[in-house]
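Written below as C-alpha cells is the structure these notes are about.
Order of the sequence lines sets the chain letters (A, B, ...), proteins ahead of strands, with each chain counted from 1.
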There are 2 protein chains.
Amino acid sequence: MDHDEAALRVLDAADALFYERGVQAVGMDAIRAASGVPFKRLYRCYPSKEHLVAEYLRRRDRRWRRRMADFVDERTDPAERVLAVFDWLGRWFAEPGFRGCAFVNSFGEFGTPSVVADIAREHKDALRHYLDGLVACLPVDARLAEELLLLIDGAIVSASIMRNPNAADSARAAASALLVARTARSTAP
Amino acid sequence: MDHDEAALRVLDAADALFYERGVQAVGMDAIRAASGVPFKRLYRCYPSKEHLVAEYLRRRDRRWRRRMADFVDERTDPAERVLAVFDWLGRWFAEPGFRGCAFVNSFGEFGTPSVVADIAREHKDALRHYLDGLVACLPVDARLAEELLLLIDGAIVSASIMRNPNAADSARAAASALLVARTARSTAP
DNA sequence: GGGCAACGAGAACGATCGTTCTCTACGGTA
DNA sequence: TACCGTAGAGAACGATCGTTCTCGTTGCCC
C-alpha cells in the first residue's frame, strides 16, 4: 500500500464517518481503525485533523457537483436541464444514509471565521455559478438562478431535518412555476 | 439571586455562546464564567449539558416564532402578511451576530437520531404549520405553504453561509411570484 | 451566641481528544 | 550475514471535556 492509496483509504473512512456522525463527534482513532492506516502514516498524509476535514469537504464538493452535472447532462432542453437538478436532488435524498448537506452541517459545527466556513461558502458559490450557466440558456430574468439556489438549499434542509422525502418534488414544482413566471413573454406587445 | 434568576442567567449565557460558537465548541466552564452562576447551582438548574442544550433550542424556537408572528401581525392583508415573513427575515439577517438557523446548525453537530434532531424537526414543523395558517387566508393552491418554507430555509442558508444580505429580498420576490402563480384565477372561465 | 444547613469557589476526577513517541520487527544492501 | 533506515502497533502525553467533590464561609433559627 503506497502513499496515495493510504491517503485515499483515510479520506474514504473520514468521509463516511464525518458525514454520518459530524466532524467533531469523530475522533482520529475512529478514522485510523476504519481505514486500517496507522497513525504515523495517517499524519504523514494529513498533517492534522483540520487538513483532513478540509480535504473531506473539498472532495465532497467536487463529487457532488460532478454527479449533479452528469445527471443534468443527460438532457439537452434548457428548461428540462434546470428541472433535472431537482430530479437529481430527489434521488440523492432517497439514498440510504442521506443526512443533509455536508457543508451546511459542518458550517454549524465551526464558528465563522473558519476554514470550514470558507469551504462551505466556496461550495455554495460554485453551485450558484453552475445554476447561472443553466439559466443563461433560457430567455429568463437573471433573478431565477438565485431563486433556484434558495429552493435547492431549502429542499436539502427540509429533506434532512424534517425527513420530508417530497421536498425535491415540491422544490421542482416551485422551480417550474418560477421558470414560467420569469420567462420573458416574446408574444407580449 | 433565586433559582429562577440563576436558571435564566445560565440560559442567556448559553444562548449567546452556543449560537455564536456552536454547541460542542462551548464548554460548561465557559457558561459558568459568562453567567456567574457556580457549577453547583448550574447543575441544579440543568442536570446536564444536554438538558441545557434542549432548553436553549426550545426557547429559541418560541422566541423566533413569536418575533416573526408579531411582525406579521402588524399587517392585515393576507398577501401582505405572507410577504412580511420575508421582510422580517431581512431584518433578522441584518442583525449583528446573525449566524444562521440555530436548529440547522445544531442538527449538523449531532447525529440523527438525537434529541437535538427531534427539536429541530419540531421547530420546522411549527414553522410549517404557521405558514399553513397564513396561506389558508388566501385563495391559493395548498402547495404554496411548503414552497414558502423551502424559500425561507434556503434564504437562511444563503444569508449565513454565503453572507448574502439580499437573500431575504430574493426569497421575497420568489414568494411573490409563486403567490401569483398559485392563486386560483376566479376570472377564468 | 452556637449549631447547622446551604452556599460559592475551584480543585479533582475519569474520560476522551489530537498528536507524538517508543519499541519491536522487518527488508534491502554490502 | 550484519547493518540500518523505515514500518507498524499501540502506549503515552498534555489538554480539555462534563461532572462531582472538598472545603472554608456565611447566614439563619433557637
Side-chain angles (χ1 to χ4, degrees), chain A residues 1-58 102 105-106 108-111 114-117 119, chain B residues 1-58 102 105-106 108-111 114-117 119:
Chain A
M1 180 169 56
D2 65 351
H3 179 88
D4 288 351
E5 185 179 336
L8 188 63
R9 288 196 194 183
V10 169
L11 194 53
D12 284 340
D15 184 275
L17 291 169
F18 284 160
Y19 183 69
E20 179 187 347
R21 308 185 202 166
V23 172
Q24 311 237 48
V26 172
M28 294 298 276
D29 192 63
I31 295 170
R32 178 203 57 81
S35 66
V37 174
F39 273 132
K40 208 191 282 189
R41 250 235 272 195
L42 196 160
Y43 274 95
R44 217 178 311 129
C45 297
Y46 306 95
S48 73
K49 187 180 184 182
E50 191 174 9
H51 286 80
L52 181 56
V53 171
E55 256 316 290
Y56 150 67
L57 289 175
R58 278 196 254 267
N105 292 346
S106 301
E109 297 198 50
F110 300 90
S114 70
V115 51
V116 167
I119 296 175
Chain B
M1 180 168 56
D2 66 350
H3 179 87
D4 287 350
E5 185 179 335
L8 188 63
R9 288 195 194 184
V10 169
L11 195 52
D12 284 340
D15 184 277
L17 291 169
F18 284 161
Y19 184 68
E20 180 188 347
R21 309 186 201 167
V23 172
Q24 312 235 47
V26 173
M28 293 297 277
D29 191 62
I31 294 170
R32 177 203 57 79
S35 66
V37 174
F39 273 132
K40 209 192 281 187
R41 207 117 87 108
L42 196 160
Y43 274 96
R44 217 177 312 129
C45 297
Y46 306 96
S48 73
K49 187 180 184 180
E50 192 175 8
H51 286 80
L52 180 56
V53 171
E55 256 316 290
Y56 151 68
L57 288 175
R58 278 195 256 264
N105 292 346
S106 301
E109 297 199 50
F110 300 90
S114 70
V115 51
V116 167
I119 296 175

Side chain of A:Phe39, heavy atoms from C-beta onward: which of D:dA11, D:dT19, C:dG18 has the nearest atom to it?
D:dA11
Nearest to the A:Pro38 side chain among D:dA9, D:dG18, C:dG8, which nucleotide is it?
D:dA9
Could you please spell out the steps behind the side chain to side chain contact (heavy atoms under 4.5 Å, CB included) verdict for A:Ser106 and A:Val53?
CA-CA 9 Å; A:Ser106 301; A:Val53 171; 5.8 Å; no
Over how many whole Å does the gap from [X] atom [atom1] to [N] atom [atom2] extend?
X	N	atom1	atom2	value
A:Leu42	D:dG10	CG	C1'	14 Å
A:Ile31	C:dT19	CD1	P	10 Å
B:Tyr46	D:dT20	OH	C1'	20 Å
B:Met28	D:dC21	CE	C1'	16 Å
B:His3	C:dA6	NE2	C1'	15 Å
A:Asp29	D:dA12	CG	C1'	13 Å
B:Tyr43	C:dA6	OH	C1'	20 Å
A:Gln24	C:dG18	CD	C1'	12 Å

Might you work through the side chain to side chain contact (heavy atoms under 4.5 Å, CB included) test for A:Ile31 and A:Phe18, ending with a clear yes or no?
CA-CA 9 Å; A:Ile31 295 170; A:Phe18 284 160; 3.6 Å; yes
Any side-chain N or O of [X] less than 4.0 Å from the OP1 or OP2 oxygen of [N]?
X	N	value
B:Lys40	C:dG8	no
A:Arg44	D:dA7	yes
A:Arg41	D:dA7	no

N-O pairing of A:Asp29 and A:Arg32 below 4.0 Å:
yes
Is the side chain of B:Gln24 donor-acceptor paired with the backbone N or O of A:Gln24 at a distance under 3.5 Å, no angle test?
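Checked: no pair found.
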Between B:Glu109 (side chain) and B:Val23 (backbone), is there a donor-acceptor pair under 3.5 Å?
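Yes, because the side chain of B:Glu109 sits within donor-acceptor range (under 3.5 Å) of the backbone of B:Val23.
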Base, sugar-phosphate or nothing for B:Val26? Non-hydrogen atoms, less than 4.0 Å.
sugar-phosphate
Base, sugar-phosphate alone, or nothing: which one does A:Arg32 contact when heavy atoms must sit under 4.0 Å apart?
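Counting heavy atoms under 4.0 Å across all strands, no contact is made by A:Arg32.
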